[in-house]
Q: 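Just dropping this structure here.
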Amino acid sequence: TNPEFNRRLDKRNVFSELLSDIFSTCLLMPEDWIQKEWGKVKDVGKMAAVFDVPKQAMLIRLKFLGLA
């Protein structure tokens, strides 16, 4: 309920990294924005450029949302 964000190499650190990855993904690529743009663009590379993220990160986000 109160995760710690630290540099220790233990199971809590893995969980903290996962939480920070999810947070940053949702912040940089909000679901509603992705769905709106994907309806227009339909290209992973162009979507990555629009959101200024790596192509691989965009592909993962699109797959997570069931769009690719």
Q: In Å, rounded to the nearest 0.5 Å, how long is the span from CZ of Arg61 to CH2 of Trp38?
A: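 The distance works out to 13.5 Å.
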Q: To the nearest 0.5 Å, tell me how far Gln35 CD sits from Leu65 CG.
A: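 Rounded to the nearest 0.5 Å, the CD-CG separation comes to 6.0 Å.
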Q: Hey, could you give me the CE/CD1 distance between Met58 and Ile60, rounded to the nearest 0.5 Å?
A: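 If I round to the nearest 0.5 Å, the distance is 11.0 Å.
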Q: Are more than 12 heavy atoms from other residues, nucleotides or ligands located less than 6.0 Å from atom CG of Asp52?
A: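 Atom CG in Asp52 is not crowded, with 12 or fewer foreign heavy atoms closer than 6.0 Å.
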Q: Rounded to the nearest 0.5 Å, what separates atom NZ in Lys55 from atom CG in Leu62?
A: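 If I round to the nearest 0.5 Å, the distance is 11.5 Å.
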Q: Are Val50 and Phe64 joined in one hydrophobic group, where the rule is that I, L, V, M, F, W and Y side chains link up if heavy atoms are under 4.5 Å apart?
A: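 The answer is yes; both residues are in one hydrophobic cluster.
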Q: Flag yes if Val41 and Met29 sit in one hydrophobic cluster, no otherwise; membership is Ile, Leu, Val, Met, Phe, Trp, Tyr, and two members link when side-chain heavy atoms are under 4.5 Å apart.
A: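 Val41 clusters together with Met29.
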Q: According to a hydrophobic-cluster definition based on side-chain heavy atoms being under 4.5 Å apart (Ile, Leu, Val, Met, Phe, Trp, Tyr only), do Leu59 and Val53 belong together?
A: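 They do share one cluster, since a chain of ILVMFWY contacts under 4.5 Å joins Leu59 to Val53.
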Q: Quick one: pull up OG in Ser20 and CG in Leu27 and give me the separation to the nearest 0.5 Å.
A: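 Result: 12.0 Å between the selected atoms.
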Q: If hydrophobic clusters are built from ILVMFWY residues whose side chains come within less than 4.5 Å, do Val44 and Phe51 share one?
A: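 The answer is yes; both residues are in one hydrophobic cluster.
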Q: Find the distance between CZ (Phe23) and CG (Leu28) and round it off to the nearest 0.5 Å.
A: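 Between Phe23 CZ and Leu28 CG, I get 9.0 Å after rounding to 0.5 Å.
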